[in-house]
Amino acid sequence: MTNTISLLGLQWGDEGKGKIVDHLAKDLDAAIRYQGGHNAGHTLIVDGKKVVFHLLPSAICHKAIKCYLGRGVVVSLDALFEEIEEASDVIGNIEGRLVISSACSLIQPYHIKLDQLREKSNTITKIGTTGRGIGTAYEDRVGRRSVRVSDLYNPSKLSSKLEEALEYYNSIFKHSFGSTAIDKNKLFDENLIHAERLKPYVGNVINEVRDLQDSNKKILFEGAQGALLDVSLGTYPFVTSSNSSVGGIASGIGISPTDIDYSLGIAKAYTTRVGEGPFPTELFDDMGKYLAEKGGEVGATTGRPRRCGWLDTVLLSHTVRLNGIDGLCVTKIDVLDGLETIKICTDYSSNLSMEEILESMILEDVEPIYTEVAGWNEPTAGIQSFDQLNSNAQSFIKRIEEICNVPVIMISTGPKREDTIIRDYPL
Ligand code: IMP
């Protein structure tokens, strides 16, 4: 029986996870985020209104689902309150339905400022971050100096932590960037105001999740970003600063690694990436522009255009294996409608062996080797059963299954919830 399911994007994020969460929602009791912060972007249409969630689990718009932010999430309180307001406008009051771990590290304005100053600098490697202070907040977390949610309720501890932090950050702002200082008293007061407002949402995530597990409730572990952006397993240093992979779930929530019954992976029928970093199958020609335009490939968080390329099954089969994926969902197959041929990268040419490439994840010097498969003219858009897909589209899916050694259990054929083929429902 599947009670707990993880949902993870297997590429560089933006695989269309929000829509799949929406699909599973009717059967879920709880959804938990375990990493990242408001760098994520899930666009949802609720009662005809568009809402974009960055920090809240995208399942929040389903009234029967209780949502959690586990200890592995870095929380900007400004962003949180903005999103709570936005969510409340569309779905009503969410108090009582959202629980934030008292162990979450907070993103403070100095994290955001340093992230942005670094990205603008000419001497520091540009990662193309979302500029939201994610990496800098995680630096403090592993440096054991974060201000955590629980510190908000201990004013003297909060004061000394902010004092210590600002001594460090203000010195960097002044000496490394010639920038202005952040005022300690003002920041302290802001934190105290936030603390009051946050109180109803703070809770004990480990305990609550245990209770849910003990009563056999259906729980979703909602991944943000994607497997190739994992700080340990991704294309370092062009990654986010958390463990976005399935490996991050246990420590990011406080469950056992054996508590995950089913791992659902999401991959686009092609590949996209925002920000800097290697991308072996990236297309710089008209085909790249075509995919970007037809797929509406613009970042939901920053509005940046996404880089586009062919499906890379070298990387996909690697992330399938690394994350113990039980079933795969292929999204946006309809974007490939009308193409004469479709390329799938199945190997790399490089001076390094494949084992060396995947161990280091240094992809700058690899050349993709492609297999070409026949495209199709009959639209897949909106189709809801595998049998109705044209035979070339079926072969494309079967090819992915063979190469990646995983069943494709869902196929998304358009943006609407019902534009989905379900071959084997995971819950
Ligand atoms: P950061 O997470 O803001 O530090 O950005 C690090 C890298 O991860 C950048 O290349 C971002 O564009 C990328 N990134 C962060 N969040 C997302 C996401 O939700 N989707 C896609 N890319 C992301």
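Counting starts at 1 for both ligands and their atoms, in listed order. Remember, predicted model here, so these are calculated numbers, not experimental data.
- Shown in contact with I127 at under 4.0 Å from a heavy atom are these atoms of ligand 1, numbered in order with element: 10 (O).
- Of the candidates V274, T136, T302, T240, the one placing a heavy atom closest to atom 2 (O) of ligand 1 is T240.
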Could you tabulate the donor-acceptor pairs under 3.5 Å formed by side-chain atoms of residues 403-416, not counting sequence neighbours?
from : atom 1 : to   : atom 2 : distance (Å)
S412 : OG     : K19  : NZ     : 2.8
S412 : OG     : G414 : O      : 3.4
T413 : OG1    : G382 : N      : 3.4
T413 : OG1    : I383 : N      : 3.4
T413 : OG1    : I383 : O      : 2.9
T413 : OG1    : D419 : O      : 3.1

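- With hydrogens and angles disregarded, a donor-acceptor distance shorter than 3.5 Å links the side chain of N323 to the backbone of V246.
- Nearest residue to atom 8 (O) of ligand 1 from L229, T130, V74 is L229 (criterion: closest heavy atom).
- Within the listing of ligand 1, atoms 9 (C), 10 (O), 11 (C), 12 (O) sit less than 4.0 angstrom from a heavy atom of G128.
- Looking at F238 against ligand 1, nothing comes within 4.0 Å, counting heavy atoms.
- Contacts classified as side-chain hydrogen bond (donor to acceptor under 3.5 Å, both in side chains) and involving residues 30-40 (residues at least two apart or in different chains) are given here: Q35-Q225, Q35-S242, N39-Q225, N39-T240.
- Closest approach of A25 and I65 over heavy atoms only: O-CD1, 3.5 Å.
- Residue contacts with ligand 1 for N39 involve both N, CA, C or O and side-chain atoms from C-beta outward (heavy atoms, distance under 4.0 Å).
- Here is the list of ligand 1 atoms found below 4.0 Å of a heavy atom in D14: 20 (N), 21 (C).
- Ligand 1 does not have R132 within reach: every non-hydrogen atom of the residue lies 4.0 Å or more from it.
- Given atom 7 (C) of ligand 1, the protein heavy atom at minimum distance is V239 O, 3.8 Å.
- Between S241 and ligand 1, a contact under 3.5 Å exists for no N or O pair.
- Aromatic ring pairs are classed by plane angle as parallel below 30°, tilted from 30° to 60° and perpendicular above 60°; the pair F81 and H194 is tilted.
- Protein heavy atom at the shortest distance from atom 5 (O) of ligand 1 is T129 CA, 3.3 Å.
- With respect to atom 19 (O) of ligand 1, the closest heavy atom belonging to the protein is A40 CA, 3.3 Å.
- Only the side chain of R304 comes within contact range of ligand 1, with a heavy atom under 4.0 Å; no backbone atom does.
- The backbone N or O of G299 lies less than 3.5 Å from no partner atom in the side chain of T302, so there is not a single donor-acceptor pair.
- The shortest separation from a heavy atom of A224 to ligand 1 is not under 4.0 Å, leaving the residue out of contact.
- Within ligand 1, the atoms closer than 4.0 Å to a non-hydrogen atom of W12 are 21 (C), 22 (N), numbered from 1 in the order shown.
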